[in-house]
2 protein chains.
Amino acid sequence: MQDILFNFISKYISLTDDEKHEILSLDLFSAAKKGTTLLKEGQQSQDEYFVLKGCIRKYYFINGEEITTDFFTEMEGLTPNCTINNTPSEYFISCVEDCILLVTNSDMGIEINSKFPKFEIMCRMLSEELLAKQQVDFDKFKTSSPEQRYLNLLQNRPDLIQRVPQHQLASYLGIKPQSLSRLRARIMEKSTG
Amino acid sequence: MQDILFNFISKYISLTDDEKHEILSLDLFSAAKKGTTLLKEGQQSQDEYFVLKGCIRKYYFINGEEITTDFFTEMEGLTPNCTINNTPSEYFISCVEDCILLVTNSDMGIEINSKFPKFEIMCRMLSEELLAKQQVDFDKFKTSSPEQRYLNLLQNRPDLIQRVPQHQLASYLGIKPQSLSRLRARIMEKSTG
DNA sequence: TTCATTTCTTAACTTAAGTGAACGAGTTGT
DNA sequence: ACAACTCGTTCACTTAAGTTAAGAAATGAA
């Protein structure tokens, strides 16, 4: 599991064995069972998450129903808005599967960044990368119909369709579960018919 | 016009008069007439834009029609994706109104950042701010219907509805111009009826 | 001004998503 | 093993957006 983490980090910066040991000594790894809620609406947490194994989702609770806006799987990280702005969270985060996570709070983050200035560089690279990716994703969402969005997902993150419940996928695509069922049936008909 | 710029910058960092003069000597200001295309699909530009006055829009050309995904007005900046990744642009940028812009290319950016390390700090603050804002906007878009999105726009950026053509607004809201007309009529009926 | 173009609205019709309800399959807990 | 629940699908019906077409209003250019 540690190898996975250091392998990821090595894409951005290089660490000495001493540095690796020091990071491991902080004991940031944490396991969470499927269904565990990591962050609740209204809560004011300082935690940031990085998924080493499993899948977590971010969702809002609006008019009595969950609306999932993001999934994070292996090697993806999530810094909740409430952590940045120090405000109550507007959304929930929970585990779609059993997970192994790297959980850091702001204090630790500051500690790590002051000990290893390299880390700050990596964080900046990550956030720039994320900003660009986010813009592309947003544009893609705006310029696509629900059906196209489903087909895109099938192309780009086929694993999600397998590992995530349909009703969560549906809201992620911006539609209701019944519409997703219908849409899938429609696509099948086209390809077989 | 310069005052506007320095007033904006002062929210993030403070500049001496000497520094201000040096920035002005770079002659970054540029006027562009309504309708001017600043960036074309396929083009590999290094320019970044900051709007001092006017409004620019970013749009894709898909299946023979324009889809507007963003508007930038006073004190908003746009760093095209192609500039970051050094790839051909996937979208167009053009002026909705007569504009006064601050245009910088990467070389200038590097020059400015090396002369004034403060600037790098400001850029980082801006990009973090932008990332957070972008995430909130994306979630808002996903969790809203076209009608709600229109009402939100009316609340948050009422000026846009006045200064931007309806058909561009429509695609920004994720619908066709006819649907926007209908939607507006529907809202009027509700509020008067 | 006049003519052409663009922009916005309206209408009739089509298509797709929302809604409410029912059903069966699979899970969970007791 | 059984009841309670969750989940995905299907159906009938409603609502909203897409499409096509037409015409009015505003804009721009000759």
Side-chain angles (χ1 to χ4, degrees), chain A residues 33-37 55 57 59-68 71 92 94-98 141-154 160-190 192-193, chain B residues 33-37 55 57 59 61-68 71 94-98 141-154 160-190 192-193:
Chain A
K33 284 270 162 212
K34 174 177 174 177
T36 307
T37 299
C55 175
R57 65 188 254 263
Y59 63 97
Y60 291 75
F61 195 76
I62 298 177
N63 298 331
E65 62 180 340
E66 294 181 359
I67 302 187
T68 300
F71 294 102
F92 295 80
S94 78
C95 299
V96 174
E97 303 170 345
D98 290 353
F141 192 91
K142 277 186 180 171
T143 57
S144 304
S145 66
E147 182 166 331
Q148 287 171 316
R149 290 201 282 264
Y150 176 76
L151 292 170
N152 284 339
L153 202 64
L154 211 54
L160 268 194
I161 295 174
Q162 299 308 319
R163 60 207 286 196
V164 166
Q166 299 289 315
H167 64 278
Q168 291 174 9
L169 263 188
S171 72
Y172 181 63
L173 294 170
I175 55 176
K176 302 285 162 188
Q178 297 91 322
S179 298
L180 179 54
S181 274
R182 199 164 29 191
L183 181 155
R184 281 154 63 96
R186 203 160 62 220
I187 290 171
M188 286 301 272
E189 211 173 295
K190 278 182 197 163
T192 58
Chain B
K33 283 269 161 213
K34 174 177 174 177
T36 308
T37 300
C55 175
R57 66 187 254 263
Y59 62 97
F61 195 77
I62 297 176
N63 299 330
E65 62 179 340
E66 294 181 359
I67 302 186
T68 299
F71 294 103
S94 78
C95 299
V96 173
E97 302 170 345
D98 291 352
F141 191 91
K142 278 185 180 172
T143 57
S144 305
S145 66
E147 183 167 331
Q148 287 172 316
R149 290 199 283 264
Y150 176 77
L151 292 170
N152 283 339
L153 201 63
L154 210 56
L160 268 193
I161 294 173
Q162 299 308 318
R163 62 208 284 195
V164 164
Q166 299 289 316
H167 64 280
Q168 291 173 10
L169 263 188
S171 71
Y172 181 63
L173 295 170
I175 55 177
K176 303 284 162 190
Q178 298 91 320
S179 298
L180 178 55
S181 274
R182 198 164 30 191
L183 182 155
R184 282 153 63 95
R186 201 161 63 220
I187 290 170
M188 285 302 271
E189 209 173 297
K190 278 181 197 165
T192 57

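Predicted model, so just to flag it, every value in this text is computed and none were measured. All chains are named by letter (A, B, ...) in the order of the sequence lines, taking the proteins before the strands, and each is independently numbered beginning at 1.
The distance from atom CD of Gln162(B) to atom C1' of dC8(C) is 14 Å, rounded to the nearest whole Å. Protein atom CD of Gln166(B) is 15 Å distant from nucleotide atom C1' of dT27(D), rounded to whole Å. Atom-to-atom, CG of Leu173(A) to C1' of dG18(C) comes out at 16 Å; the value is rounded to the nearest Å. The NZ atom of Lys33(B) sits 17 Å away from the P atom of dT27(D) (whole-angstrom rounding). Residue His167(B) contributes atom NE2, which lies 16 Å from atom P of dG18(D) at whole-angstrom precision. Straight-line distance from the CD atom of Gln168(A) to the P atom of dC7(D): 8 Å, rounded to whole Å. Atom CD of Gln148(B) is separated from atom C1' of dA17(C) by 15 Å (rounded to the nearest Å). If you measure from atom CD1 of Ile175(B) to atom C1' of dG18(D), you get 11 Å, rounded to the nearest angstrom.
At least one donor-acceptor pair under 3.5 Å links the side chain of Asp98(B) to the backbone N or O of Lys34(B). Put simply, the side chain of Ser144(A) never gets that close to the backbone of Phe141(A): no donor and acceptor are under 3.5 Å apart. Side chain of Arg57(B) to backbone of Val96(B): no donor-acceptor contact under 3.5 angstrom is found. Between the side chain of Thr68(B) and the main chain of Tyr172(B), no donor-acceptor pair closer than 3.5 Å is present.
Two end axes, each from the C1' atoms of five base pairs, can be drawn for the helix from dT1(C)-dA30(D) to dT30(C)-dA1(D); they diverge by 50°, to 10 degrees.
Interatomic distance, OG of Ser145(B) versus CG of Leu151(B), reported as 8.0 Å (0.5 Å rounding). Here the straight-line distance linking atom CG of Leu180(B) with atom CD of Gln168(B) works out to 12.0 Å at 0.5 Å rounding. One finds the CD atom of Glu65(A) at 11.0 Å from the OG1 atom of Thr143(B) (value rounded to the nearest 0.5 Å). For the atom pair Leu173(B) CG and Gln148(B) CD, the distance stands at 12.0 Å (nearest 0.5 Å).
A donor-acceptor contact closer than 3.5 angstrom links the side chains of Ser179(A) and Arg182(A).
With dT19(C), dG8(D), dC8(C) as the choices, the nucleotide that has an atom nearest any side-chain atom of Lys176(A) turns out to be dT19(C).
Put simply, the side chain of Glu147(B) reaches to within 4.5 Å of the side chain of Ile187(B), judged on heavy atoms. Between Leu169(B) and Leu153(B) there is a side-chain heavy-atom pair separated by less than 4.5 Å.
Within residues 177-186 of chain A, the residues that place at least one heavy atom under 4.0 Å from DNA chain C are, in residue-number order, Gln178(A), Ser179(A), Arg182(A), Arg186(A).
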Close N or O pairs between protein and nucleotides 22-30 of chain C (under 3.5 Å):
none

